Amino acid sequence: MSDPPRSAEEGFGSKKITFWGSVCLNLNNCMGAAMVTMPLLFQQAGWFTNVLMMTLIYVLSTLAGTMLCEAMQRIPGNFEFKQRYEFATTVRHYWGGRAYWLFQILYNLSMQASNIASMIISAQVLDEFVRMIFGRNYALQYQQWPPSIIHASSDPDVPWCSGSVAHGQCSGETLTFVISLGYVICMAICIPFGYLNLDENMWFQWFSFWGLLGFTMVFWLQFGVSLSYDDTVCYDPLNVPYGVTASNMTCDEDPSRIIVDYGANGPHRTSFFVAGGQSAVVGIATFAYAYIVTIPSWVNEKRPDVNINAAVWLPASIGLFMKILTGLLGAWAFALMLPGGGQRDNSDNILDLLLTDAMPAASQYAAYLWDITTLIPGIPVLAIMVRYNLLSGRVCGRFAAFFWGVVAPWIVTMFCYESNVLLVFCNWVAIVVQGYINFVVPALLYRAALLHAPDEHAEDLGRGGAKRRLLDINNDDDDIIGDPGNAPDIASLTDVNMRPTQGPVNALPRSIRICGRTFRINRIWFANFMVIFFTVMSTASIVLNIVEVA
């Protein structure tokens, strides 16, 4: 196999992403739909196991991310990431061609499944937002001949109707094969950004970053306000034909309009531990950090002076704080689990409750815009990374990679946009594949790098093309692993031009000092532990999902 292509002319970006740009990009990638499911999970399972599991997965997944970076750095000649090794080509370097093709397929399946699910959700949210703003929305239906323009129903359960819509009811056939206005807008935004490189997308990522922070803070504020109310369901004579609207309102100070009163909101809604609600904790916690395979593309386009560990750990830490706080405040602000033990309607996603007519307009707009500003900018990023992996592995040329990575998913989604079949398939691909490629494979690659690649200081170091061989490497296993005592001190290099601009990643330190004593860390054993842990967690998540469906 030839070396990966590395020039911008071959379809890649330049090393321009700054430290704060790196924090922005990695935070956007590690956030997503998992956060808005946290409130229900905190009520179902209790706060203790959720906080414990989220924190544990945060630590181990972030280590997996830095381990993957170190495995890339240990590839000969790639200490400063000047060669273009993506996820799949890193697999090829350590495990050979057969493993490469397997993981190229699994990587693309996982990334495209996540992207298609985001396309569907984003387009549906944008459709609802258009209807909310303008009072109407339209789509081209091709389920009946001849194709025709139809308008959206106000009933979210029957969004597209071939007949007239009156009071949320469809007088004709419910249509699922449509191309909606929201879908067209999403596609028109994402495909051009997918043609750009990752470094060229950074202003769009900053837009997403500020939207994520700003609208999440609006949620927290609304949750805080809701704590002062009882959670009630009220009769609303204007909401025909359903007549009810939910969540944390005073029913216009008219007790006769209260249909259901779930009682006062507050911290009492989250128990310490609920034995019967633990089945989803592992799966959601794992899904919440399934972004590790996006890290190689960022590493290849970050500036050389960006500290990898800081740029991975900082956004992951911010993400952990945001997820836990959203889970707690959202769980305190609504009765998501009914007194009989059942689940409240539309409680899977806390945004659905924020979108009810009972909520202030600012909260409703924030819920729509949170989806739009966090999901839509993430679609071209994943598409670019698929394109990069195809190009890096020389699977196809630049324009073919653009078509298969960026355009083809939109074509597939176009024919299944309102059908649940595609979304269910994408969710199962994510459940089956993501745990292994995001957590197990990076730990295995790190292990392989420690065993079979030179120590990081042994690489050719230099700035401006200057090189120096610092260690002679032979085939003895002990020498390959490297003795830290034999490694040269980079600071001792007198010629500043011979010093690397990129420091060693060192995902795990070789030793730590506690109470004046030095303890050596067996990095191979720790990698083995992570492989076993995440294999068990990923397999358990698959089994639990199968049992739930059965």
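When a residue number appears, it is its place in the shown sequence, counting from 1. Quantities reported herein were computed from a predicted structural model and do not represent experimental measurements.
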Of all residues at least two apart in sequence or in a different chain, which pass the side chain to side chain contact (heavy atoms under 4.5 Å, CB included) check with Ser122? Cys186, Leu375, Ile376, Ile379
Ser541 vs Thr286, test: side-chain hydrogen bond (donor to acceptor under 3.5 Å, both in side chains). Steps then yes/no. CA-CA 9 Å; Ser541 178; Thr286 303; over 6 Å; no
Rounded to the nearest 0.5 Å, how far apart are CE of Met111 and CD of Gln434? 9.0 Å
Ring centroid separation Phe209 to Trp206 under 6.0 Å: yes
Please name the pair of heavy atoms, one in Pro315 and one in Ala310, separated by the smallest distance, quoted to 0.1 Å. CD-O, 3.9 Å
Measure the shortest side-chain to side-chain distance between Glu70 and Arg523 over non-hydrogen atoms and say whether it is less than 4.5 angstrom. yes
Distance check, rounded to the nearest 0.5 Å: Phe519 atom CZ versus Arg513 atom CZ? 10.0 Å
Would Phe204 and Asn28 satisfy side-chain contact (heavy atoms from CB on, under 4.5 Å), going step by step from the backbone distance to the final call? CA-CA 11 Å; Phe204 201 24; Asn28 290 347; over 6 Å; no
Phe273, CZ: over 12 other non-hydrogen atoms inside 6.0 angstrom: yes
For Phe215, what residues pass the ring pair (Phe, Tyr, Trp, His ring centres under 6.0 Å) criterion, not counting sequence neighbours? none
Look at the rings of Trp203 and Phe193 and say which category their plane angle falls in: under 30° parallel, 30 to 60° tilted, over 60° perpendicular. tilted
Do the non-hydrogen side-chain atoms of Gln343 and Gln44 ever get within less than 4.5 Å of each other? yes
Given side-chain hydrogen bond (donor to acceptor under 3.5 Å, both in side chains), test Asn78 with Tyr85 step by step and report yes or no. CA-CA 9 Å; Asn78 199 43; Tyr85 281 91; over 6 Å; no
Counting only N and O atoms by type, is there a donor-acceptor contact under 3.5 Å from the side chain of Arg387 to the main-chain atoms of Val406? no
Qualifying residues under side chain to side chain contact (heavy atoms under 4.5 Å, CB included), relative to Leu325, sequence neighbours excluded: Trp220, Phe321, Leu329
What is the minimum heavy-atom distance between Leu336 and Gln43, and which atoms define it? N-OE1, 3.0 Å
Under the criterion side-chain contact (heavy atoms from CB on, under 4.5 Å), I'd like the reasoning laid out for Leu56 against Phe533: C-alpha separation, chi angles, the key distance, then a yes or no. CA-CA 11 Å; Leu56 179 63; Phe533 176 83; 3.6 Å; yes
How about Met385 and Val381: do any of their side-chain heavy atoms sit closer than 4.5 Å? yes
Which pairs count as ring-ring contact (aromatic ring centres under 6.0 Å, His included) when at least one residue sits in residues 430-451, sequence neighbours excluded? Phe439-Phe534
Output the distance between atom CE (Met53) and atom CZ (Phe48), rounded to the nearest 0.5 Å. 10.0 Å
Are the side chain of Ser538 and the backbone of Thr535 linked by a donor-acceptor contact shorter than 3.5 Å? no
Locate the shortest heavy-atom distance separating Gly21 from Met202; write the atom from each residue and the value. O-CE, 3.2 Å
Determine whether Glu301 and Ser297 satisfy the following criterion, side-chain hydrogen bond (donor to acceptor under 3.5 Å, both in side chains), listing intermediate values before the conclusion. CA-CA 7 Å; Glu301 296 190 11; Ser297 296; over 6 Å; no
Got a donor-acceptor contact below 3.5 angstrom from the Ser208 side chain to the Thr373 backbone? yes
So do the side chains of Tyr183 and Trp410 get within less than 4.5 Å of each other, counting heavy atoms only? yes
Min side-chain heavy-atom separation Thr326-Val36 under 4.5 Å: no
Could you grab the distance from atom CG of Asn300 to atom CZ of Phe12, nearest 0.5 Å is fine? 8.0 Å
Evaluate the side-chain proximity of Trp404 to Val386: yes if any heavy-atom separation is below 4.5 Å, no if none is. no
Side chains of Tyr289 and Val59: closer than 4.5 Å at any heavy-atom pair? no
How are the rings of Trp47 and Phe272 set to each other: parallel, tilted or perpendicular (split at 30° and 60°)? perpendicular
Residue set satisfying side chain to side chain contact (heavy atoms under 4.5 Å, CB included) with Asp305, at least two apart, ordered chain then number -> Arg303
Ile546 vs Trp428, test: side-chain contact (heavy atoms from CB on, under 4.5 Å). Steps then yes/no. CA-CA 10 Å; Ile546 292 173; Trp428 273 104; 3.8 Å; yes
Exercise: identify the closest heavy-atom pair between Phe207 and Pro377: CD2-CG, 4.4 Å
Look up atom CH2 in Trp370 and atom OG1 in Thr216, then write down how far apart they are to the nearest 0.5 Å. 6.0 Å
Mind listing the closest non-hydrogen atom pair of Leu126 and Gly182 along with its distance? CD2-O, 3.6 Å
Distance in Å, Ser363 OG paired with Leu355 CG, rounded so as to fall on 0.5 Å steps: 9.5 Å
Can you tell me if Trp95 has over 12 outside heavy atoms packed within less than 6.0 Å of its CH2? yes
Heavy-atom closest pair, residues Gly65 and Ile295: CA-CD1, 3.7 Å
Among all residues two or more places apart in sequence or in another chain, which pass the side chain to side chain contact (heavy atoms under 4.5 Å, CB included) test with Ala117? Leu423, Cys426
Step-by-step side-chain contact (heavy atoms from CB on, under 4.5 Å) determination, Ile384 to Asn197: CA-CA 7 Å; Ile384 289 167; Asn197 294 322; 5.7 Å; no
Side chains of Ile350 and Met38 in contact at under 4.5 Å (non-hydrogen atoms): no
Check whether Asn26 reaches the backbone of Ala311 with its side chain - one donor and one acceptor, N or O, closer than 3.5 Å. yes
Any donor and acceptor pair, going by atom type alone, linking the side chain of Tyr368 with main-chain N or O of Met132 inside 3.5 Å? no
